[in-house]
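First listed ligand is number 1; within each ligand, the first listed atom is number 1.
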Amino acid sequence: MGILEGKTALVFGLANERSIAWGITQAMHAQGAKIGISYAGEALERRVRPLAAAVGCAFVEACDVSKDADIAVVAAKAGAAFGQIDILIHSIAFAVRDELNGPYYNTSREGFRTAMDISVYSFVALARAFQPWMRRGGAMLCMTYYGAEKVVPHYNVMGVAKSALEASTRYLAYDFGPQGVRVNAISAGPIRTLAAAGVSGFKDMYRQFAEMAPLRENITTEDVGNAAVFLCSDMAAHITGEVLYVDSGYNIMGVPEPPTKE
Ligand code: NAP
């Protein structure tokens, strides 16, 4: 029997089979969770529907998280379809490509607003919309990155957004604590996804990551999925407001290993 048997998980942010949301969906399905999926908009439907079918998911709803009306509709539909919800996954981020290049001080007001709205505020908005439907013992989870804490060249406004997302995770954990619902974040190492492709210099950074990380390996969406299962299961019953690194240990390093002399 899977450790999520009897639980319902609603996953936001599935774009394709490379998405972190897909790694999480598969891992949760494998552990017995009943899955609901939400994706950004019509353009993705063709890719998302077959993936949903592969995990026996009949609840597949579009939702642009920058629109309160979309969020309200999907929350009402999910409530009607599932009754209570145990797990809410936020695996969404967006910044205009031009903002992920050049100096951070060139960030435009509109670019800053967009990144914060879609990558941070949407987690707060989803938490509020689903608050009436969350079952005691449930969990919410979002995806963050090390650029929240340290400077990652070109990550720019997304780093600032991820800092705000991690802070939001703590405030939400405080708000939802009395309801018996936990709120955590996973800080994932770099993974080749659609969103990552928008970060300038990502390929080099991805390669260097494996050279510097203690485990000397890149991570996969499967790794993130397994950690998500743990954090959203009863095994993590008293863990809330935390950021869990799934990064082959990269974040513990201060400087890279010096090159060995022949
Ligand atoms: P992804 O497959 O491109 O997923 C990002 C998702 O966000 C896409 O489904 C995207 O839809 C969706 N999205 C963007 N704007 C939206 C909106 N207005 N409404 C609803 N959905 C919207 O990339 P990913 O790497 O798996 O990203 C998932 C999460 O992991 C993000 O929070 C990301 O920052 C985080 N993360 C990624 C990495 C990495 O290296 N890949 C590392 C650490 C953390 P569209 O395709 O339509 O825009």
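- Put simply, the side chain of Val120 reaches to within 4.5 Å of the side chain of Ser168, judged on heavy atoms.
- Minimum heavy-atom separation, Asn16 to Arg18: OD1-N, 2.9 Å.
- Residues Gly147 and Tyr155 share a closest heavy-atom pair of CA-CD2, 3.9 Å.
- Within ligand 1, the atoms closer than 4.0 Å to a non-hydrogen atom of Gly13 are 4 (O), 6 (C), 8 (C), 9 (O), numbered from 1 in the order shown.
- Distance check, rounded to the nearest 0.5 Å: OH of Tyr105 to CG of Asn156 gives 11.0 Å.
- Atom CD of Gln84 has more than 12 heavy atoms from other residues, nucleotides or ligands within 6.0 Å.
- For ligand 1, the atoms closer than 4.0 angstrom to any heavy atom of Cys63 are 19 (N), 20 (C).
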For side chain to side chain donor-acceptor pair (under 3.5 Å), just list the numbers for Thr114 and Asp117, CA-CA rounded to whole Å, side-chain angles, deciding distance to a tenth of an Å, and then say yes or no.
CA-CA 5 Å; Thr114 301; Asp117 184 17; over 6 Å; no
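- Checked by distance only, ligand 1 and Tyr39 stay at 3.5 Å or farther apart across all their nitrogen or oxygen atoms.
- A salt bridge does not link Arg128 with Asp175: every distance from a Lys NZ or Arg NE/NH1/NH2 to an Asp or Glu carboxylate oxygen is 4.0 Å or more.
- In this structure, atom 48 (O) of ligand 1 has its sub-4.0 angstrom surroundings free of protein heavy atoms.
- When only interatomic distances are considered, the shortest N/O to N/O separation between Ile191 and ligand 1 falls below 3.5 Å.
- Of all atoms in ligand 1, numbered sequentially from 1 with element shown, those under 4.0 Å from a heavy atom of Pro190 are 40 (O).
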Derivation and outcome, side-chain contact (heavy atoms from CB on, under 4.5 Å), residues Phe59 and Lys34:
CA-CA 10 Å; Phe59 186 91; Lys34 188 175 182 183; over 6 Å; no
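- Ligand 1 is approached by Lys162 to a heavy-atom distance shorter than 4.0 Å.
- In this structure, the protein non-hydrogen atom closest to atom 2 (O) of ligand 1 is Ser19 OG, 2.6 Å.
- Aromatic ring orientation, Tyr250 versus Phe209: parallel (interplanar angle below 30°, classes split at 30° and 60°).
- Of the candidates Ser38, Gly41, Ala95, Ala15, it is Ala15 that places a heavy atom closest to atom 8 (C) of ligand 1.
- With Ala21, Ser91, Ala188, Ala161 as candidates, the residue nearest to atom 5 (C) of ligand 1 on a non-hydrogen basis is Ser91.
- In this structure, the side chains of Ile87 and Met28 come closer than 4.5 Å at one or more pairs of heavy atoms.
- When each atom of ligand 1 is checked for a heavy atom of Ala40 under 4.0 Å away, the hits are 11 (O), 20 (C), 21 (N), 22 (C), 47 (O).
- Residue Asp64 has at least one heavy-atom neighbour below 4.0 Å for each of these atoms of ligand 1: 17 (C), 18 (N), 19 (N).
- Ranking the protein heavy atoms by distance from atom 35 (C) of ligand 1 puts Met143 CB, 3.6 Å first.
- Atoms of ligand 1 found under 4.0 Å from any heavy atom of Thr144 (numbered from 1 in listed order, with element): 43 (C), 44 (C).
- Proximity of Ile20 to ligand 1, defined as any heavy-atom pair under 4.0 Å, is shared by backbone and side chain alike.
- Ligand-side atoms of ligand 1 in range of Thr193: 23 (O), 24 (P), 25 (O), 26 (O), 41 (N), range being under 4.0 angstrom from any heavy atom.
- Under a 4.5 Å side-chain heavy-atom criterion applied to ILVMFWY residues, the cluster that includes Tyr121 comprises Val124 as well.
- Ranking the protein heavy atoms by distance from atom 3 (O) of ligand 1 puts Ala195 N, 3.0 Å first.
- For atom 31 (C) of ligand 1, the nearest protein heavy atom (residue, atom name, distance) is Ala93 CB, 3.6 Å.
- For ligand 1, the atoms sitting less than 4.0 Å from at least one non-hydrogen atom of Ala196 are 41 (N), numbered in the order shown with element in parentheses.
- Between the Asn226 side chain and the Asp223 main chain, no donor and acceptor come within less than 3.5 Å of each other.
- By the 6.0 Å contact criterion, CD on Glu222 is open, its count of non-hydrogen atoms from other residues, nucleotides or ligands being 12 or less.
- Under 4.0 Å from ligand 1, the heavy atoms of Leu14 that appear belong solely to its backbone.
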May I have the step-by-step check of side-chain contact (heavy atoms from CB on, under 4.5 Å) for Glu17 and Arg47, ending in yes or no?
CA-CA 8 Å; Glu17 69 288 347; Arg47 286 187 178 274; 4.1 Å; yes
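- The residue from Leu194, Ile92, Val65 that puts a heavy atom closest to atom 19 (N) of ligand 1 is Val65.
- Side-chain atoms of Tyr145 and Met158, non-hydrogen and from C-beta on, never get closer than 4.5 Å to each other.
- Residue contacts with ligand 1 leave out Ser187, since none of its heavy atoms falls under 4.0 Å from the ligand.
- Within a 4.0 Å radius of atom 14 (C) of ligand 1, the protein has at least one heavy atom.
- Closest to atom 45 (P) of ligand 1 among all protein heavy atoms lies Leu44 CD1, 3.9 Å.
- Scanning the protein heavy atoms around atom 16 (C) of ligand 1, the nearest turns out to be Ile118 CG2, 3.8 Å.
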